[in-house]
J.: 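Starting off with a structure, shown below.
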Amino acid sequence: MTWICPFWLVRWPANRDVHVAPDAFIGWALVVMLPDWFFLPSRFVSSFRRACRPVPLCAQRLTLGVSLLAVVGGLTAHPVVAQAADVQQSSPQSAAAIPAPPSASQQRQAVRLSTSVVFKPTRTDMALIEDLEHRTFLWFWEAGDAQTGLVPDRYPSDQTQASVASIGFSLTAYGIGAERRYITRQQAIERTLNTLRYLTKLPQNDSAENSSGYHGFFYHFLNNKTGLRFNKDIELSSIDTALLMQGILFTESYYTQDTPQEAEIRSLSNQLYQNVDWAWMRRPDMRLSMGWSPEHQFLPNYWEGYSEGMMAYILALGSQKHPLEPASWQAWLTTNDRRWGEYYGQTMLNFAPLFGHQYTHSWIDFRGIQDDWNREKGIDYFENSRRATYAQRTYAMTNPGKWQDYGKDVWGLTASDGPGELTQTVGGTPRHFMSYSARGTGRDYTQDDGTIAPTAAGGSVAFAPEIAIPALREMKHRYGNHIYSRYGFVDAFNPSFHTADKSFWSDTAYLGIDQGPILLMIENWRSGLVWNTMKRNPAIRQGLLKAGFRGGWLGNEAEVSAPASQHANAQHSAQSGQQQSG
C-alpha cells in the first residue's frame, strides 16, 4: 500500500497489505491509503509541484482516469479492512461521525434482496436501451474529427487534447453504427480509413516534442490539431495504446469484404498492431510497465492484478512481431490470491472501480473460457465481473455512508467526474467531495463521495442486465434531463451535493472512456457483435491460448498448434454471444 499526504510520499513496497494507522502521521496531515496501481505516471511530477493551487478540471484527465491532484489536494480516507464496506471521505475532525459498517446479517439480507428478482426486459426497457445506445454512438460520431479520426478525451468542451483510448472505442463504435444503421457501412469505412491512415503517418521516435509515439506505442494524449504528444507531462501509455489496439483489431476483423477499401483497412490495422513493441515495454520481472517518457524513461509503475491491464497482456501475447511469452501472464497473475475474497456477499477477484471490470470485457468474451487460475477457483473472469457488479449494488443498498438516494436502482462507482474538491456540511456532517477520481468499493479500497457514474451500470449491462437496466431506467426516470441529454447519460451526478440554487450536482461533460463501455457492452448484450467479431481475430485467439485459456468458444487444447491463418478464417456463430435480441 502507499500513503499520500500533501507534502511527502511514504511507501512500504515490501508488504502492500500492511495497514498503518493515520494517527502515525503528523495530526494535521490529510492522508489516503491506496493500492500501488493507483499511483499513475501521467503528469506526476508537474502535478505534484502544482498540488497546492487549483487547476481546471478538464486538464486533470490522467491514465486510468485518476487525478493525482485530487489526492494530493486533500482527499481523506482511512484503511479498508476485509470486512469493511465503506470508508467515508471526510475531514479528520469529523471522523467520529462516520457511520459504522453494516453488520454481516445486514449484508446477507441485502444480498438476498439483490438477487431475488428475475429480470425480463419490457418493450419500454428495450426502447430505453435502443435510445441510449443510439445517443451514445452519436457522441463518438460527432466528437471525432472526420478527416483525422482523432477523438477528444471529453466532448463537448473547450479542450485541445485527443485521447488514443477514445479513438479505440470510436473505431469499434463505427462498426456498431453500421450494424444498427445509424450510419451506412460506407460512412463507417471512410471514417475508419481516415483514422487508420492518419495514425499510420504519425511520427514515431524518442523526441520530446516531435513525436506521437515510440516503438509502436502512442502517447496518452495527442494534440488535436497536430497529432503530436500533447505536452511534456504526457506519458507513452501501455494501457491507452492497448485500448486503441483493441479498436484497431476490431476493424481488422469486422471489415472483411473483398473490396480495396476494406482490404486497406485490414492491412493498416495489422501494421499498426504488429508495430507495437510489447517486449520493449516489458520489465525484467516480465511484467509490463505502465509507460515511458523521454524525460524519465520507463515508469516504475507496472501492471499486475485483476484490472483493465489484462487486455495489454493478451494483446502482447498474441503479437507475431514483438510478443511477450506466457511467463508474463503468469507474472501478472501472482497477486490474484491476495485480491480474492468475499465482499458484500460475493466471492471474487476484487478491483474497486467498475471500469477495471469493463474495459477488457468490452471486446473479449470471457464466458466459459478459463486460464489455470480460473480453473482452480471454478470461475471465469466474466462471472467474476458479474459478481463485482452485484457487490456494488449491494453496497449501495446497505449504504454505510448514508449518501442520498443510494439504493437498489441508484448505484455505480467508477472513475468519473465529481462536484469538485471541497467540503460541505450535509445534515450536520462534514462531507468531502472530489473532482475527477477513481471512485470504487472493494476489498482493495473504498472511495466514495456520493457521486454516481451511469457508465458503472451502463457498462455492466452485459454482466448483469437484470440489475443494470433497472438502474439505468430508474436514474433516467428520477433525474430526467438533468442527467440524460443528446449523448445519453452525462458522466456523473451527485444527489448529496447541494447548492443554493440546485438540489443536486450533475455533470455537463461526456468522457470517451466512459461512453465506450456503455455502447460496446449494450451491443454485446443485444447481439454479441463486438465479442463475436473479436473471436475471429487471430491475435486475440492466440493471446488467449498462450495465456492458458481453454474451453468455451476457444475449444480444446488441440487448437493451440493450429496456425494463425486457420484462426483468421474461423467462423464463430453469432448466436454463441447473443443474450438478447435487439
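By convention here, the first residue in the shown sequence is residue 1.
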J.: Begin from the C-alpha positions of Gln447 and Thr441 and carry the test side chain to side chain contact (heavy atoms under 4.5 Å, CB included) through to its verdict.
T.: CA-CA 6 Å; Gln447 183 159 273; Thr441 182; over 6 Å; no
J.: Identify the heavy atoms of Gln274 and Gln320 that sit nearest to each other, and give their distance.
T.: OE1-N, 3.1 Å
J.: With a 4.5 Å limit on heavy-atom distance, are the side chains of Pro294 and Arg229 in contact?
T.: yes
J.: Is there a donor-acceptor pair under 3.5 Å between the side chain of Gln392 and the backbone N or O of Pro353?
T.: no
J.: When you measure from the side chain of Asn532 to the backbone N and O of Gly528, does any donor-acceptor pair fall under 3.5 Å?
T.: yes
J.: For the residue pair Gln246 and Thr172, establish whether any side-chain heavy-atom pair is separated by less than 4.5 Å.
T.: no
J.: Would you tell me whether Thr251 and Thr192 have side-chain atoms, one donor and one acceptor, within less than 3.5 Å of each other?
T.: no
J.: Using every non-hydrogen atom in the two residues, find where Val151 and Gly144 come nearest and quote the distance to one decimal.
T.: CG2-CA, 4.0 Å
J.: Nearest 0.5 angstrom please: Arg443 CZ to Glu342 CD, how far?
T.: 8.5 Å
J.: Which heavy atom of Gly291 sits nearest a heavy atom of Ser238, and at what distance?
T.: N-OG, 4.3 Å
J.: Examine distances only and state if a side-chain atom of His220 and a backbone atom of Leu236 form a donor-acceptor pair shorter than 3.5 Å.
T.: no
J.: Test your reading of the model: is there a side-chain donor-acceptor pair from Gln161 to the backbone of Phe221, 3.5 Å cut-off?
T.: no
J.: Does the separation of the ring centres of Phe217 and Trp278 fall below 6.0 angstrom?
T.: yes
J.: Show the numbers, then the answer: is there a side chain to side chain contact (heavy atoms under 4.5 Å, CB included) between Trp329 and Leu324?
T.: CA-CA 9 Å; Trp329 182 263; Leu324 293 186; over 6 Å; no
J.: Quick one: does Tyr313's side chain have a donor or acceptor within less than 3.5 Å of a partner on Leu288's backbone?
T.: yes
J.: For the pair Arg154 and Asp417, evaluate salt bridge (Lys or Arg N to Asp or Glu O under 4.0 Å) and give the outcome as yes or no after the intermediate values.
T.: CA-CA 11 Å; Arg154 54 178 65 220; Asp417 281 347; 2.9 Å; yes
J.: Apply salt bridge (Lys or Arg N to Asp or Glu O under 4.0 Å) to Arg367 and Asp380, showing your working.
T.: CA-CA 7 Å; Arg367 293 174 301 166; Asp380 59 45; over 6 Å; no
J.: Quiz question: by atom type and distance under 3.5 Å, do the side chains of Trp363 and Asn524 form a donor-acceptor pair?
T.: no
J.: Any side-chain heavy-atom pair from Leu354 and Ser460 closer than 4.5 angstrom?
T.: yes
J.: Please report the closest heavy-atom contact between Thr455 and Asp514, naming both atoms and the distance.
T.: OG1-O, 2.7 Å
J.: Within the 4.5 Å heavy-atom criterion, are Arg550 and Ile369 side-chain neighbours or not?
T.: no
J.: May I ask you to check whether Tyr390 and Phe463 place their ring centers less than 6.0 Å from one another?
T.: no
J.: Give a yes or no answer on whether the side chain of Tyr359 reaches the backbone of Ile513 with a donor-acceptor pair at less than 3.5 Å.
T.: yes
J.: May I ask you to check whether Phe298 and Trp280 place their ring centers less than 6.0 Å from one another?
T.: yes
J.: Would you say that Trp303 contacts Arg287 through its side chain, given a criterion of any heavy-atom pair below 4.5 Å between the two side chains?
T.: no
J.: Give the minimum heavy-atom separation between Thr200 and Leu268, together with the two atoms involved.
T.: OG1-CD2, 3.8 Å
J.: How long is the span from the CD atom in Glu252 to the CD atom in Gln271, to the nearest 0.5 Å?
T.: 11.5 Å
J.: Heavy atoms only: give me the nearest Leu272-Met245 pair and the separation to one decimal.
T.: O-CE, 3.7 Å
J.: So, does Trp332 use its side chain to make a donor-acceptor pair with the main chain of Gly305 at under 3.5 Å?
T.: yes
J.: Anything under 30° is parallel, anything over 60° is perpendicular, the rest tilted; go ahead and classify Tyr306 against His361.
T.: perpendicular
J.: Has Arg283 got a side-chain atom pairing as donor or acceptor with Tyr302's backbone, closer than 3.5 angstrom?
T.: no
J.: Give, for atom CD1 of Ile518 and atom CE of Met521, the distance between the pair rounded to the nearest 0.5 Å.
T.: 11.5 Å
J.: Would you say the side chain of Ile364 lies within less than 4.5 Å of the side chain of Tyr381, judging by non-hydrogen atoms?
T.: no
J.: Would a line drawn from the ring center of Tyr219 to the ring center of Tyr214 be shorter than 6.0 Å?
T.: no
J.: Show your working on side chain to side chain contact (heavy atoms under 4.5 Å, CB included) between Thr414 and His357 and close with a plain yes or no.
T.: CA-CA 10 Å; Thr414 191; His357 296 271; over 6 Å; no
J.: What's the verdict on side chain to side chain contact (heavy atoms under 4.5 Å, CB included) for Ser527 and Glu179, showing C-alpha distance, side-chain angles and the deciding distance?
T.: CA-CA 10 Å; Ser527 73; Glu179 289 294 310; over 6 Å; no
J.: Report yes or no: does Thr389 contribute a side-chain atom to a donor-acceptor pair with the main-chain N or O of Ser385 at less than 3.5 Å?
T.: yes
J.: Do Asp153 and Ser163 have a side chain donor and acceptor closer than 3.5 Å?
T.: no
J.: For residues Ser289 and Arg282, determine if any side-chain heavy atom of one lies less than 4.5 Å from a side-chain heavy atom of the other.
T.: no
J.: Could you check Trp531, Phe382, Phe549 and say which one makes a ring pair (Phe, Tyr, Trp, His ring centres under 6.0 Å) with Phe366?
T.: Phe549
J.: Please tell me if the side chains of Ile176 and Leu520 come closer than 4.5 Å, counting only heavy atoms from C-beta onward.
T.: yes
J.: Give me the ring orientation class for Phe351 and Phe355: parallel if the planes are under 30° apart, tilted from 30 to 60°, perpendicular past 60°.
T.: perpendicular
J.: Looking at CG of Leu243 and CD of Glu308, how far apart are the two atoms once the value is rounded to the nearest 0.5 Å?
T.: 7.5 Å
J.: Could you state the interatomic distance from CG (Asn384) to CG (Asn374), rounded to the nearest 0.5 Å?
T.: 8.0 Å
J.: Check Leu315, Thr360, Leu333 against Met310 for a side chain to side chain contact (heavy atoms under 4.5 Å, CB included) and give me the one that passes.
T.: Thr360
J.: For the side chain of Tyr445 and the backbone of Ala352, is there at least one donor-acceptor N/O pair under 3.5 Å apart?
T.: no
J.: Can you tell me how far the CE atom of Met281 sits from the OG1 atom of Thr241, to the nearest 0.5 Å?
T.: 7.0 Å
